[in-house]
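Just so it is clear, the model here is predicted, and its values are computed rather than measured. Basis for what follows: all heavy atoms, side chains included, without hydrogens, waters or symmetry-related copies. Numbers restart at 1 for each chain; the letters A, B, ... are given by sequence-line order, proteins then strands.
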There are 2 protein chains.
Amino acid sequence: MAASDHLALDDQLCFALYAAQRAMTRAYAPLLEPLGVTYPQYLALLVLWEADGVLVRELGDRLALDSGTLTPLLKRLEERGLVTRQRGTDDERVVRIHLTPAGKALRQEARKVPIALACRAGFDPADKRARAALAALRGELRALAERLEEPAA
Amino acid sequence: MAASDHLALDDQLCFALYAAQRAMTRAYAPLLEPLGVTYPQYLALLVLWEADGVLVRELGDRLALDSGTLTPLLKRLEERGLVTRQRGTDDERVVRIHLTPAGKALRQEARKVPIALACRAGFDPADKRARAALAALRGELRALAERLEEPAA
DNA sequence: CGGCATTCAATTGTGCACAATTGACTTGCA
DNA sequence: TGCAAGTCAATTGTGCACAATTGAATGCCG
């Protein structure tokens with residue numbers, strides 16, 4: 001038996017990534033529960049808080065999600081009264097997403113979320129070295145994602 | 001407006017993790033397609049190739065998945081003729097998963113998958129430094145996941 | 001001007017994740 | 001011994017992800 005042909009679960013970067021991502025989402029859940037939004041909905045709101053009035057397509061570019069995921073997600077945010085969805089007037093193919101007053105107000109509630117999570121992850125936001133380590137990890141993950149998406153098709 | 005209160009999408013480690021994980025899964029898809037299994041099914045097979053005959057609970061411990069996810073996943077693997085599921089005889093609560101000959105044989109097909117993926121991610125398997133960097137990243141992700149799961153409940 | 005390719009969001013269908021519950025089975029302890 | 005607590009896999013219901021298709025709207029090119 002080929003004991004070492006790189007098929008050991010614990011050797012897989014992919015599994016470490018998979019497990020860490022799910023642990024992260026689970027860690028966010030109790031912090032987002034008071035806001036009444038899910039983790040992907042929270043990501044969409046992060047984009048909207050930076051750029052209110054974006055198109056569904058632009059949101060999709062930013063989050064690497066397609067309309068198959070975003071359309072129902074945005075409908076749920078609309079049902080909760082956090083955003084509005086309206087067809088473009090000049091270009092009737094597009095749909096523009098705007099924050100409602102409630103959606104804008106939710107940003108204040110959300111400010112404590114990243115701090116609470118950093119705390120839970122054992123990062124001291126005041127520690128310069130910890131912040132640098134976090135930024136380095138983030139950079140490595142971004143570089144990895146870019147390399148994975150790039151080649152061929 | 002508080003321009004810098006840590007709510008910028010690109011500052012979020014969580015988003016880098018989320019995006020990288022999905023990029024990874026998408027990168028695996030074309031490699032797993034010839035095997036006829038999905039990415040989570042592949043992870044379950046990695047466990048089974050290491051430890052044939054494990055219980056559903058043990059598989060769940062290993063992958064951090066519950067029966068709500070594993071039961072249907074394993075039923076699909078059973079339908080494809082890769083595993084069998086049978087109630088324990090001594091303890092009738094548990095279900096034991098065994099690889100079929102086809103399931104065992106698939107391991108040979110799978111051996112090229114991690115190599116192909118490493119290649120796609122721009123890692124040279126022969127480069128000692130690249131392997132060390134990969135191991136370091138894996139370790140950081142594991143440590144992060146552990147810190148996120150640990151505290152309170 | 002006409003028509004063909006392209007760009008959009010929406011829809012359809014499959015397969016995870018995960019919380020919560022269910023119900024069978026086992027264990028431990030009074 | 002009996003029963004209460006705990007352990008299992010399965011089920012139910014919600015919400016992503018994503019491939020593939022649809023159909024409307026736009027842009028381009030002759």
Within residues 13-44 of chain B, which residues have any heavy atom lying less than 4.0 Å from an atom of DNA chain D? B:Tyr18, B:Arg22, B:Arg26
Contact residues, residues 64-82 of chain B to DNA chain D [heavy atom, < 4.0 Å]: B:Ser67, B:Gly68, B:Thr71, B:Lys75
Nucleotide interval of DNA chain D bounded by contacts with chain A (heavy-atom cut-off, under 4.0 Å): D:dG15 to D:dT26
Please classify the nucleic acid contact of A:Arg96 as base, sugar-phosphate, or nothing, using heavy-atom distances under 4.0 Å. nothing
Would you mind reading off the distance between A:Arg57 atom CZ and C:dA9 atom P, rounded to a whole angstrom? 7 Å
Restricting to non-hydrogen atoms, name the atom on [X] and the atom on [Y] that form the minimum distance, rounded to 0.1 Å.
{"X": "A:Ala145", "Y": "B:Ala20", "result": "CB-CA, 3.8 Å"}
{"X": "A:Leu148", "Y": "B:Ala121", "result": "CD2-CB, 3.8 Å"}
{"X": "B:Arg111", "Y": "A:Leu7", "result": "CG-CD1, 3.8 Å"}

Looking at B:Phe15, I'd like to know if the NZ or CZ of A:Arg138 sits under 6.0 Å from its six-membered ring centre while staying within 45 degrees of the ring's axis. no
Please list all pairs passing the salt bridge (Lys or Arg N to Asp or Glu O under 4.0 Å) test where one or both residues lie in residues 12-21 of chain B, with sequence neighbours left out. none
Once salt bridge (Lys or Arg N to Asp or Glu O under 4.0 Å) is applied, what residue pairs with a partner in residues 58-74 of chain B remain, sequence neighbours excluded? A:Asp10-B:Arg62, B:Glu50-B:Arg62, B:Arg57-B:Asp61
On DNA chain C, nearest-nucleotide positions of A:Val95 versus B:Glu92: which is more 5'? A:Val95
With side chains defined as the heavy atoms from C-beta onward, is the minimum distance between A:Leu106 and A:Val37 less than 4.5 Å? yes
Contact between B:Leu46 and B:Leu43 at the side-chain level, heavy atoms closer than 4.5 Å - yes or no? yes
Ring-plane angle category for B:Tyr28 and B:Tyr39, please: parallel below 30°, perpendicular beyond 60°, tilted otherwise. tilted
Distance-only check: which donor-acceptor pairs under 3.5 Å involve side-chain atoms of residues 94-103 of chain B, not counting sequence neighbours?
{"residue": "B:Arg96", "atom": "NH1", "partner": "B:Gly53", "partner atom": "O", "Å": "2.9"}
{"residue": "B:Thr100", "atom": "OG1", "partner": "B:Gly81", "partner atom": "O", "Å": "2.6"}
{"residue": "B:Thr100", "atom": "OG1", "partner": "B:Leu82", "partner atom": "O", "Å": "3.1"}
{"residue": "B:Thr100", "atom": "OG1", "partner": "B:Ala102", "partner atom": "N", "Å": "3.4"}
{"residue": "B:Thr100", "atom": "OG1", "partner": "B:Gly103", "partner atom": "N", "Å": "3.0"}

